[in-house]
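To start, the structure under review is shown below, and the notes come after it.
Below, chains carry the letters A, B, ... as their sequence lines are ordered, and counting in each starts from 1.
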Protein chains: 2
Amino acid sequence: MSQPTERTPERPAGRAVPTSADVARLAGVSRATVSYVLNNTSAVRISEPTRRRVREAAEELGYVPHAAARSLRAGHSRMVLLPTSHVPVGPLYSQFFNEFQWALRRLDYTVVQYGSVGLEAEEAARAWAELRPVAVVSLGEVQLTGQGVEILKRSGARAVITLGTRAVEGTHALVMDQGKVGEVATAHLVASGRRRIGVVIPEEPGLAMFSGPRLDGARRAVAGTGATVVPLPLRYEEESANELAARWRDLGLDAVFGYNDEYAMLLMRALQDAGIAVPGETAVVGADDLLLGRLLRPRLSTVRIDMVLGRELAELVDRAVREPEVPPRTRALLDSRVVRRESS
Amino acid sequence: MSQPTERTPERPAGRAVPTSADVARLAGVSRATVSYVLNNTSAVRISEPTRRRVREAAEELGYVPHAAARSLRAGHSRMVLLPTSHVPVGPLYSQFFNEFQWALRRLDYTVVQYGSVGLEAEEAARAWAELRPVAVVSLGEVQLTGQGVEILKRSGARAVITLGTRAVEGTHALVMDQGKVGEVATAHLVASGRRRIGVVIPEEPGLAMFSGPRLDGARRAVAGTGATVVPLPLRYEEESANELAARWRDLGLDAVFGYNDEYAMLLMRALQDAGIAVPGETAVVGADDLLLGRLLRPRLSTVRIDMVLGRELAELVDRAVREPEVPPRTRALLDSRVVRRESS
DNA sequence: TTGAAAGCGTTACCAA
DNA sequence: TTGGTAACGCTTTCAA
């Protein structure tokens, strides 16, 4: 860039942000022409010399269009808003999420994640609505209410998609059937002849959303089999696991579903240290099929969760935006199956 | 897009998005009054009955202010933009990140994460600049250039903060000294009498940003000691680890720094399965101090990384926004120390 | 081929 | 205490 001045102060107090009017002035044309050139408007034909002058002027000024002004004028945006929060999630979920974002970008949407920690349902919906997104994809961080959905739709959102453990009225709901995770794990344990089955409930906040349905699923699996389910609160700390292991024999359990691989690994180690044979005396099953679970001895049995592809979800969003009249539907988002290794 | 000149209704058969003008009409007042009431403008006093009428009208219509229009009018926003991408990060980083977001929110900023996967430096800077954020905090997903920083500042960003492995010109740079992680790990191994030290280099994309500096740090640690460093490419798969373990004795290594706990655990298991005693024949050190590392036998030695608090970083952002004339500085963001367990 | 002007939803200034 | 009005930056229709 040509900076003829010897000293360019970083931030001259008066330096304004260049607008299309500045570009027009420098190029010696009107603002309309600038817009035509920079947006490659095909309806209008601009001479090549003019185009070049405009482009050079824009370049020289470092002009960048103002998204807010543009979408204000246009009356709509292509922003897809994804509320985020602090729910600790595994690599599976992260990968899905990234693929989803990438696919949306390919469909020419601007993906914006909005940190929504600590917001209540309606408060959150209002905050999101201020940005006038064309679609909101809520991954369950904030429990959206029908009221909140109404606010969003009234403010122009053409699609509200919830991706959670249960359907929300008025939205395209994608249900992650967390119950099934607990169900297949527990059914597997029952089928292997286990009768008293512990189910780990993490005490860490934010996980109740997943652990509750998983426990319910476990209960469904034992219904009518004579086996029983015992909830086991557990913090993700060695001390907590050791305490639990110390009273293991009093609990009289012969199997445990560890919520996920991490909690399962923690508990399995504590059980082994307490002299309880795995899987001999107690079977252990995790979930998520982490690589690390295969490194323990015995190798950890697990529930493998197959997520819908991020690309598919992106296409669903796109369709919902283009055809908002299609009524929202609820559909399953993931499938689960047991991968039996050595710990069960 | 060539569309017929016929007017296509933007919002088919639906009521339009309510604006402050609609609220004013319903309440029987002017738009200005609506603005005063809804923003609690203290400079103007509005009678209580009027306030009530306005509030009720807004409520009835489900009015939500239009953030773009507001910031267009105001000439500035309080948006802090955080580019995100798919770099796989550990729980330590996530926790820091969430704390940071939360703290920014408390300081009344709107935190927006912008999915920037696959964007080049300048392209990305331009995309971010379109949103006219008051500050950009780049966590290193996209290698920001001086050019990119200039674009952002010209478009009104009052602070650009980079949080990466090396400083970027013109920004408040917070350097995560990844080199030190490798340095302290290797120094520890050398001090324990190890001479030929392997350093794992993950083959997964996106990690080079961290692994390169860590390897450099390891080299610094052996300089002048007579010990040597050997880079060890490794995929995060059992097969890859087993291959590496199979030719371990040919490599003649007596220690390895495993990049982080996960790779270290993977490799340690492969070494043990190949009959190589840990730490007797080969010492292993990871990094991140994951709980899972403590579950293996021997317990995994590790490098504990202390991150700066998210709250501190949020305050730095706030200060940089309020006093943009203060020259950008580079400062260290994290400190590292070895936690010796049993594997070294 | 280009330009003038309207208007998107807000808010701040100045009158009434 | 309230209302009219201009302006923020952009796109688009209409006119030249």
Legend entry - Non-hydrogen atoms of R158(B) and V321(B) that approach each other most closely: NE-O, 2.8 Å
Legend entry - Of the listed nucleotides dT10(C), dT1(C), dG9(D), the one nearest the side chain of R45(A): dT1(C)
Inset, instruction - Please tell me which of the listed nucleotides, dT11(D), dT2(D), dA4(C), lies nearest to the side chain of A32(A)? - result: dA4(C)
Under 4.0 Å between a side-chain N/O of [X] and OP1 or OP2 of [N], yes or no?
{"X": "Y36(B)", "N": "dT10(C)", "value": "no"}
{"X": "R73(A)", "N": "dG7(C)", "value": "no"}
{"X": "T33(A)", "N": "dG3(C)", "value": "yes"}
{"X": "T19(A)", "N": "dG9(D)", "value": "no"}
{"X": "T41(B)", "N": "dA12(C)", "value": "no"}
{"X": "R70(B)", "N": "dT11(C)", "value": "yes"}

Could you state the [atom1]-[atom2] distance from [X] to [N], rounded to the nearest angstrom?
{"X": "R78(B)", "N": "dT11(C)", "atom1": "CZ", "atom2": "C1'", "value": "17 Å"}
{"X": "R52(A)", "N": "dT1(C)", "atom1": "CZ", "atom2": "C1'", "value": "17 Å"}
{"X": "R25(B)", "N": "dT10(C)", "atom1": "CZ", "atom2": "C1'", "value": "15 Å"}
{"X": "L38(A)", "N": "dC10(D)", "atom1": "CG", "atom2": "P", "value": "10 Å"}
{"X": "H76(A)", "N": "dG9(C)", "atom1": "NE2", "atom2": "P", "value": "13 Å"}
{"X": "L72(A)", "N": "dG7(C)", "atom1": "CG", "atom2": "P", "value": "14 Å"}
{"X": "D22(A)", "N": "dG9(D)", "atom1": "CG", "atom2": "C1'", "value": "11 Å"}
{"X": "I46(B)", "N": "dT11(C)", "atom1": "CD1", "atom2": "C1'", "value": "13 Å"}

Legend entry - Whichever of R51(B) and R132(B) has its nearest DNA chain D nucleotide further upstream toward 5': R51(B)
Legend entry - 5′-ward residue of the pair S30(B)/G75(B) relative to DNA chain D: S30(B)
Inset, instruction - Please figure out whether T50(A) or H66(B) has its closest DNA chain C nucleotide nearer the 5' end. - result: T50(A)
Heavy-atom distance under 4.5 Å between the side chains of [X] and [Y], does that happen here?
{"X": "Q113(A)", "Y": "T84(B)", "result": "yes"}
{"X": "R311(B)", "Y": "E99(B)", "result": "yes"}
{"X": "I151(A)", "Y": "W128(A)", "result": "no"}

Legend entry - OG1 on T145(B) to CD on E120(B), rounded to 0.5 Å: 10.0 Å
Legend entry - Touch class at under 4.0 angstrom, heavy-atom based, for S35(A) against every strand present: base
Inset, instruction - Describe the nucleic acid contact of V29(B) in one word from base, sugar-phosphate, nothing, applying a heavy-atom distance below 4.0 Å. - result: sugar-phosphate
Legend entry - Salt bridge flag under 4.0 Å for residues R126(B) and E122(B): yes
